[in-house]
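Working notes for the structure below.
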Amino acid sequence: MNKRAIKSYLLAAVFAVAGLTGVADSQTVQAAASANDYASHTAREAIDFGVQKKYLWLDSKGNFYPNNQITQGQFIASLVAIRGLKEVAPVSELPAGHWAKMSYEKAQKAGILAGVKVEPNRLLTKEETAALVYAAWKPIRGEKNPNLTNTGALITWGWMKPAPNGQPKFREDLPVTRGEAAEILRYLWKDKWQLEQGAKYADEFHKSLKVVNGTIVGKVPKGNDDFTIIAQFVTKPNGRKGFLNNESVNIPLAQVSSLTFFVINKNDSTDAGIYSYKKMPNLEVTNNTRKFN
């Protein structure tokens, strides 16, 4: 399975246009998708997706400025919106009334700002952008590969594009445009969404499992068209038996060595959830969903 993961919570925040500062106008939200300046841009679909899900914002003319470099404040506002963060902690560096203050306070409480100098207008490089991604996604996907820079790890995972041909692949100092940021943020939104779906189906399956008269019984969730759901039993001595979406589980306990429950995104074959039962007949479950490492 590839390492691209791809959908969930939406929160309103203020995303100032690159190169501009101050409080964003309330009229700046969700202008027409046929925006003047990005209709033919390669990131158009990612921008439209972000505007639809309310973690990206257009100006009052429907422009996004996709070729401008993303700022720290803009990227943090989107991360906070995607994570659906609500709790706050003080950020004294920003004055009351600053357009990004609430986003920074939510990011502070979530640990996203650890080691980050608060500079909302700072133009982000690849390394700075990737570092914020990993800080925001640590509770979801764990630690990054310690043998790679933030840039190298995010490129390897598949959520950031490598440097242009002829340059070092993991070049950290390159700027990140707003269009490039939109594509990274779409991966994050979809990843969070699919992991939430995977957890929901895993819980539904777990609640259905029982041992009745020496037989394991249960029901694989029906799910929807986005996911293949599999309950894979390892049987004694070296066999396998699988049950798919909406199938009823019925297998003698004496035949079972272990059970793994998979939720797989049909669109890109990524894991939306991997849950293991290794202490049969005890139906204790462990979440083994893929981490960054």
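Computed from a predicted structure; not experimentally measured.
Lys222 meets the salt bridge (Lys or Arg N to Asp or Glu O under 4.0 Å) test with no other residue; sequence neighbours excluded. Partners of Thr228 under the side chain to side chain donor-acceptor pair (under 3.5 Å) rule, at least two apart in sequence or in another chain, do not exist in this structure. Considering only residues two or more places apart in sequence or on other chains, Lys117 meets the salt bridge (Lys or Arg N to Asp or Glu O under 4.0 Å) condition with none of them. Under the rule for a ring pair (Phe, Tyr, Trp, His ring centres under 6.0 Å), Tyr275 has no partner lying at least two apart in sequence or in another chain.
Between the side chains of Thr289 and Asn287, a donor-acceptor pair is found at a separation under 3.5 Å. Checked by atom type, the side-chain pair Thr151/Glu127 shows a donor-acceptor distance below 3.5 Å.
The minimum heavy-atom distance between Trp157 and Arg290, with the atom names listed, is CH2-CD, 3.6 Å.
Results of the ring-ring contact (aromatic ring centres under 6.0 Å, His included) test with Trp189 over Trp159, Phe49, Trp137 single out Phe49 as the only residue that passes.
Grouping Ile, Leu, Val, Met, Phe, Trp and Tyr residues whose side-chain heavy atoms lie under 4.5 Å apart, directly or via other members, places Val212 in a hydrophobic cluster with Val217.
For an aromatic pair to be called close, the ring centres must be under 6.0 Å apart, and Phe261 with His206 fails this.
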Run the side-chain donor-acceptor check on residues 162-172: report pairs under 3.5 Å with partners two or more places apart or on a different chain.
{"unit_1": "Gln167", "atom_1": "OE1", "unit_2": "Arg171", "atom_2": "NH1", "d": "2.5"}
{"unit_1": "Arg171", "atom_1": "NE", "unit_2": "Asp173", "atom_2": "OD1", "d": "2.7"}
{"unit_1": "Arg171", "atom_1": "NE", "unit_2": "Asp173", "atom_2": "OD2", "d": "3.4"}
{"unit_1": "Arg171", "atom_1": "NH2", "unit_2": "Asp173", "atom_2": "OD2", "d": "3.2"}
{"unit_1": "Glu172", "atom_1": "OE2", "unit_2": "Thr149", "atom_2": "OG1", "d": "3.4"}

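Atom CZ in Phe292 sits 7.0 Å away from atom CZ in Arg141 (nearest 0.5 Å). The CZ atom of Phe75 sits 4.5 Å away from the CG atom of Leu185 when rounded to the nearest 0.5 Å.
A donor-acceptor contact shorter than 3.5 Å links the side chain of Asp37 to the backbone of Tyr65.
The side-chain heavy atoms of His41 and Asn67, taken from C-beta on, include a pair separated by under 4.5 Å.
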Given the rule in the salt bridge (charged side-chain N to carboxylate O under 4.0 Å, His left out) test, do Lys192 and Glu196 qualify, once you have shown the distances and angles that lead to the verdict?
CA-CA 6 Å; Lys192 185 169 181 286; Glu196 289 171 346; 2.8 Å; yes
